[in-house]
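This is a predicted model, so every value here is computed, not measured. All residue numbers in this chain count up from 1 along the given sequence.
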Amino acid sequence: MADKKSNEQPQQIDLLDVLLDQENREPIILMDEKGKQLTFEQVAVIPYGVDDGDKSLYCVLKPMDKIDGIADDEAIVFLVDEDADGNTILRVEENEEVAIAVFDKYYDLLEEATKKPKKAPAKKETSKAPAKKPASKTAGKTAGKPKK
């Protein structure tokens with residue numbers, strides 16, 4: 001018996017959906033200008049505003065394959081863009097100042113996320129017993145000089 005799925009086309013997946021999926025742990029596979037597949041680990045997706053105030057979406061990807069000129073501990077900043085057909089594509093950010101600013105934003109977000117939240121002071125548990133009445137009329141008042 002033939003498998004029904006063999007006649008079906010593979011499902012087209014939008015790259016933006018993959019990048020924004022916090023549960024996705026699969027590598028990102030891109031094609032270079034020569035048609036060679038390159039595998040990347042997604043590090044972060046960073047919205048960043050440039051001069052005009054509009055925010056663009058960038059992603060930081062770490063190559064899993066050896067790429068000439070990229071050290072093993074380096075990552076690449078990509079601009080999330082659209083092609084002429086409206087498909088999501090990634091373009092290497094060639095403006096060094098923007099790439100550095102995106103990395104700085106990533107490091108800021110990373111530092112913020114790793115800070116331990118300040119603990120709130122522990123609340124005293126209240127007993128269910130009725131509150132005691134003050135022993136005297138001055139109970140609970142600030143101590144001071146006695147009145148004459």
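- Looking at every heavy atom in both residues, Phe103 comes nearest to Ala75 through CZ-O, 3.5 Å.
- More than 12 heavy-atom neighbours from other residues, nucleotides or ligands sit within 6.0 angstrom of NZ on Lys62.
- Of all heavy-atom pairs between Leu19 and Val80, the closest is CD1-CG2, 4.0 Å.
- Side-chain atoms of Glu41 never come within 3.5 Å of backbone atoms of Met64 as a donor-acceptor pair (strictly under, hydrogens ignored).
- Listed by first and then second residue, the salt bridge (charged side-chain N to carboxylate O under 4.0 Å, His left out) pairs involving residues 72-82 are Asp81-Arg91 (not counting sequence neighbours).
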Assess whether side chain to side chain contact (heavy atoms under 4.5 Å, CB included) is satisfied between Ile28 and Leu15, documenting all intermediate values.
CA-CA 9 Å; Ile28 307 287; Leu15 180 58; 4.3 Å; yes
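- Linking ILVMFWY side-chain heavy atoms closer than 4.5 Å, directly or via other members, places Val45 and Phe40 in a single hydrophobic cluster.
- A 6.0 Å sphere centred on NZ of Lys66 holds more than 12 heavy atoms belonging to other residues, nucleotides or ligands.
- The line from OH of Tyr58 to CD1 of Ile46 is 11.5 Å long, rounded to the nearest 0.5 Å.
- Between the CZ atom of Arg25 and the CD atom of Gln42 there is a distance of 9.0 Å, given to the nearest 0.5 Å.
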Between Asp32 and Ile67, does a side chain to side chain contact (heavy atoms under 4.5 Å, CB included) hold up when you go through it step by step?
CA-CA 11 Å; Asp32 70 4; Ile67 298 177; over 6 Å; no
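- In terms of heavy-atom proximity, Asp65 sits nearest to Gln37 at OD2-O, 4.0 Å.
- Side chain of Asp85 to backbone of Asn87: no donor-acceptor contact under 3.5 angstrom is found.
- Scanning all heavy atoms of the two residues, the minimum distance from Ile70 to Pro63 falls at CG2-CG, 3.9 Å.
- One hydrophobic cluster, built from ILVMFWY side chains closer than 4.5 Å, cannot hold both Ile29 and Phe78; they sit in different ones.
- Here the CG atom belonging to Leu16 is positioned 11.0 Å from the CG atom belonging to Asp21, to the nearest 0.5 angstrom.
- Summarising the geometry of Ala101 relative to Tyr48, their closest heavy-atom pair is CB-OH, 3.2 Å, with the distance given to 0.1 Å.
- Follow the hydrophobic side-chain contacts under 4.5 Å out from Ile100 and you never reach Val77; the two are in separate clusters.
- Val92 and Val18 fall within a single hydrophobic cluster, where Ile, Leu, Val, Met, Phe, Trp and Tyr are joined by side-chain heavy atoms under 4.5 Å apart, directly or via other members.
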